[in-house]
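Working notes for the structure below.
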Amino acid sequence: MIGAQWGDEGKGKITDLLSKSADVVVRYQGGVNAGHTVVVKDQTFKLHLIPSGILYPDTECIIGSGTVIDPKVLIEELDRLEALGVSTQNLLISETAHVTMPYHRMIDRASEEQRGVRKIGTTGRGIGPTYADKSERTGIRVIDLMDSAELRNQLTWAIDYKNVILEKLYDLAPLDSEAVIAEYLEYAERLRPHVIDSSLRIYDAVRQRRNILFEGAQGTLLDLDHGTYPYVTSSNPVAGGACVGSGVGPTIIDRVIGVAKAYTTRVGEGPFPTELNGELGELLCDRGAEFGTTTGRKRRCGWFDAVIGRYAVRINGLDCLAITKLDVLDEMDEIQVCIAYELDGQPCRELPRSAHQLPAANPSTKLFPVGSNPLPTAAVWRICPSRRWITSSFWQN
Ligand code: IMP
């Protein structure tokens, strides 16, 4: 299950629905930049790393190797769930996931400040710098966290190195490596019972024919390779990312479910062709309660964008689409849907890939009257059972 827009599509709600019939839920990318709120009766759960499947006592929840783990936030999440009476013994953590360190958070925030007008609008949770270290092959993994000698060895070197960057480049106070090592050794003991070889565990579940849900965080347009680069996150939320980030082959995936809102939102910087800056944007924001779970930032709002919808179908090979928050549009007489862009005076049906072109794309919209019957709050549309679209006219147009 993946997000078909810029994240915040209401995936938590759909995961919650699907988790009822899932034996295993796997989170395969991202870190504590994600966030979803699940309300069960009178209790509200705010989750960043732990899949919401944890609320079902028999569902195994795996944080896969493609994720980045901030142990401080993860432990806070575990403690909060336990305090609310939710058992967390079914939570399993990949030993090959990378660990977010204090210097990652510091560098994320400082580099955003230094970028000035070129800032990405990150969540400031150290996600980009953690993935950068992974690519640079200087990252520290969960398996290193479990070995005190190895952790001391790696962290001493890493902190010496990062302190140069913190002090010389960003004019920040250096970190005390002994204090960080002591802090992370404590986290290691708390997390140790949950740490496993997650790829093997998932493979066993496949062989036992258990039902597995791979839960994407963020969304297609925030994908590092296929999103609106550079205004993206540093992982691969697209469906293909599920294989890499979980350590499974593509042949085990049966179906890909996309989730999209009936309108569009985006948080952070970057181009957004259907953005509504005036009263209508405010109205969508108010009615849809469009504020981020992780940072509390107000989300930018706009009409549904079918160019992006078609792109998400293609990039993810979507089989069906769950559309959420239809009820937010209930009281409107008519809604607009962007069916194409106009770029340099020419019609354009595909997403322009240049960071300079997309801001110049003007949406060509079509008006749709809102029916007199109340809309359901969410609907699941089959898109391509045989790779042919069989949905309503606004998709085909
Ligand atoms: P980062 O992932 O914190 O590096 O942020 C990079 C971009 O992704 C920023 O525009 C963030 O606002 C956006 N982003 C990251 N996580 C989420 C999410 O869960 N929902 C929506 N946007 C997100």
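When a ligand or atom number is given, it counts from 1 through the structure's own listing order.
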Subject >> Distance-only side-chain donor-acceptor flag, Thr130 / Thr100, under 3.5 Å >> reply: yes

Original post:
How would you list, by chain and number, the residues with a heavy atom under 4.0 angstrom from ligand 1?
Top reply: Trp6, Asp8, Asn33, Ala34, Ile120, Gly121, Thr122, Thr123, Gln218, Leu222, Val232, Thr233, Val267, Gly268, Arg297

Subject >> Atom pair CG/OG1 of Asn33 and Thr233 - distance to nearest 0.5 Å >> reply: 4.5 Å

Subject >> Test item: Arg299 and Phe291 side chains (from C-beta on) under 4.5 Å apart, heavy atoms >> reply: no

**OP:** Any pair with a residue in residues 256-282 that passes salt bridge (charged side-chain N to carboxylate O under 4.0 Å, His left out), sequence neighbours left out, goes on the list, sorted by first then second residue, please.
**Re:** Lys261-Glu290, Glu275-Arg300, Glu282-Lys298

Show me the donor-acceptor pairs, under 3.5 Å and distance only, between side chains in residues 202-217 and residues at least two apart or in other chains.
residue	atom	partner	partner atom	Å
Asn211	ND2	Ser21	O	2.7

Subject >> Test side chain to side chain contact (heavy atoms under 4.5 Å, CB included) applied to Leu185 - qualifying residues, sequence neighbours left out >> reply: Ser148, Leu151, Ile181

